[in-house]
Protein chains: 2
Amino acid sequence: MDDDSFYCLHSELCKTLANPKRQMILDRLRDGEVSVGEIASQTDIPQATLSQHLSILRSRGVVRTRRAGSSIYYAIANPKIITAFDLITDVLRESLGEQARTAGTDESEKAKTA
Amino acid sequence: MDDDSFYCLHSELCKTLANPKRQMILDRLRDGEVSVGEIASQTDIPQATLSQHLSILRSRGVVRTRRAGSSIYYAIANPKIITAFDLITDVLRESLGEQARTAGTDESEKAKTA
DNA sequence: ACAAGATATGCGAATATTCGAATACTATGA
DNA sequence: TCATAGTATTCGAATATTCGCATATCTTGT
C-alpha cells in the first residue's frame with residue numbers, strides 16, 4: 001500500500017468519527033451492544049437518520065451487528081476506537097484549558113504587534 | 001458544557017484529522033518542528049493549499065507555531081494527537097486484516113440469504 | 001398469507017469541504 | 001527603500017456530507 005492510499009483510508013476512518021451524531025451513537029455503545037431502537041429512544045436522532053449513520057459506521061468496520069429476533073444489536077468492533085476517542089477527548093480538554101494562557105501567541109496573529 | 005456542545009467540539013477535532021493532506025502534514029511533524037518550506041518540499045502539496053491546511057490545524061489548536069527569521073516552524077501541540085493517530089492506524093490495520101474473515105457476516109447483507 | 005413492529009434505503013435540498021489561482025502580507029538583506 | 005524569499009488570505013468552482021421524508025425490507029405472531 002502506498003502512502004497516499006494509507007492517508008486516504010486513515011482519513012476515511014477519522015471522517016467516520018467526525019460527526020456529532022455518530023459520536024453520540026458510539027458513546028451509547030461503549031459499554032456493550034445496544035439495539036437500534038434503544039439508541040433511538042436514548043437520543044433525539046430520528047430513526048431514518050440513525051440508520052444512515054449506523055450504516056456508515058458499519059461500512060467502515062467501526063461497528064458490528066448481531067440480529068436477535070426482529071432487533072439488530074450494534075457493538076463497537078474494535079475497542080481501540082474508544083481509546084482513540086477518549087484520547088481525543090483528553091486533547092480537547094487540555095486544549096480548552098490551555099486556550100486562555102496561550103491566546104495571542106500564534107505567529108499568524110499579526111494584529112497584536114501592529 | 002452540555003453534551004451536544006461536547007460532541008460538536010469533539011467532532012470538530014476529528015474533522016481536523018480527517019483529511020489525507022493534513023495527515024501527511026502531521027506525519028511530517030511527528031519527530032519535531034518543521035518549517036512550512038520543508039513540509040512543502042517533502043510533499044507534493046502546493047504552497048497555498050499547504051498554508052490553508054496549516055491554518056486549519058492552527059485554528060483547532062492541533063499545532064503551534066514559532067517564527068525564526070522569515071520561516072515559520074510548525075509543531076504538534078499535544079503529543080496525544082499522535083497517539084490517537086497511531087491508534088487509529090492500528091484499528092485500520094486490524095480491520096483490513098480481519099476483512100477477509102468476516103466478510104458477509106453483516107446482518108444488513110440480505111442478499112446472501114435470498 | 002397478512003399485519004405490525006423494527007430497521008434500512010433512495011432521493012433531493014441545504015450546507016460544508018477542498019483545491020487552485022491570484023494576490024497580499026512579513027522579514028531580511030542590499 | 002526596494003527586491004526577494006517565505007508564508008498567509010481571498011475567492012469561486014467542484015465535490016462531499018448531512019438531514020428529513022417517503023418508502024422498502026425483514027421478522028414475528030396470528
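Just so it is clear: chains get the letters A, B, ... in the order the sequence lines come, proteins before strands, and each one is counted from 1. This is a predicted model, so every value here is computed, not measured.
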Output all residues satisfying side-chain contact (heavy atoms from CB on, under 4.5 Å) with [X], sequence neighbours left out; order by chain, then residue number.
| X | value |
| --- | --- |
| A:Asp31 | none |
| A:Glu12 | A:Lys15, A:Arg60 |
| A:Ala40 | A:Leu50 |
| A:Leu26 | A:Leu17, A:Leu57, A:Val62, A:Val63, A:Ile76 |

### Message
I need a per-nucleotide contact map over nucleotides 11-18 of chain C, read 5' to 3'. Cutoff is protein heavy atoms under 4.0 Å; write B for the base, S for backbone only, - otherwise.
### Response
B-----SS
#### Entry: By salt bridge (charged side-chain N to carboxylate O under 4.0 Å, His left out) - contacts of B:Arg30 (at least two apart)
B:Asp27, B:Asp86
### Query
SG of B:Cys14 to CG of B:Leu9: how many Å apart, nearest 0.5 Å?
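Nearest 0.5 Å value for the SG-CG distance: 11.0 Å.
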#### Entry: From CD (A:Gln52) to CZ (A:Arg22), nearest 0.5 Å
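Atom-to-atom, A:Gln52:CD and A:Arg22:CZ are 10.5 Å apart.
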### Message
When the axes are fitted on five pairs at both termini, how much does the helix from C:dA1-D:dT30 to C:dA30-D:dT1 curve, in 10° steps?
### Response
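The angle separating the two end axes equals 20°.
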Can you tell me the distance, in whole Å, between the [atom1] atom of [X] and the [atom2] atom of [N]?
| X | N | atom1 | atom2 | value |
| --- | --- | --- | --- | --- |
| A:Leu17 | D:dT18 | CG | P | 12 Å |
| A:Met24 | D:dT18 | CE | C1' | 14 Å |
| B:Ile25 | D:dA8 | CD1 | P | 11 Å |
| B:Arg66 | C:dA27 | CZ | P | 15 Å |

### Message
Between A:Val34 and A:Tyr74, is there shared hydrophobic-cluster membership here, with clusters defined by ILVMFWY side-chain heavy atoms closer than 4.5 Å?
### Response
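Yes, one cluster joins them.
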### Pairs involving residues 8-48 of chain A, ordered by first then second residue, that meet ring pair (Phe, Tyr, Trp, His ring centres under 6.0 Å) (sequence neighbours left out)
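For residues 8-48 of chain A: A:Phe6-A:His10, A:His10-B:Phe85.
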#### Entry: With B:Ser5 via side-chain hydrogen bond (donor to acceptor under 3.5 Å, both in side chains) - residues at least two apart
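Listed in chain order: B:Asp2.
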Can you pull every protein N or O that's under 3.5 Å from an N or O on nucleotides 5-7 of chain C?
from	atom 1	to	atom 2	distance (Å)
C:dT7	OP1	A:Ile72	N	3.3
C:dT7	OP2	A:Gly37	N	2.8

Residues 42-49 of chain B, side-chain donor-acceptor partners within the protein, below 3.5 Å, at least two apart:
from	atom 1	to	atom 2	distance (Å)
B:Thr43	OG1	B:Ile39	O	2.9
B:Thr43	OG1	B:Ile45	N	3.4

### Query
Taking the nucleotide of DNA chain D with the closest heavy atom to each, which residue, A:Thr49 or A:Ala68, is nearer the 5' end?
A:Thr49
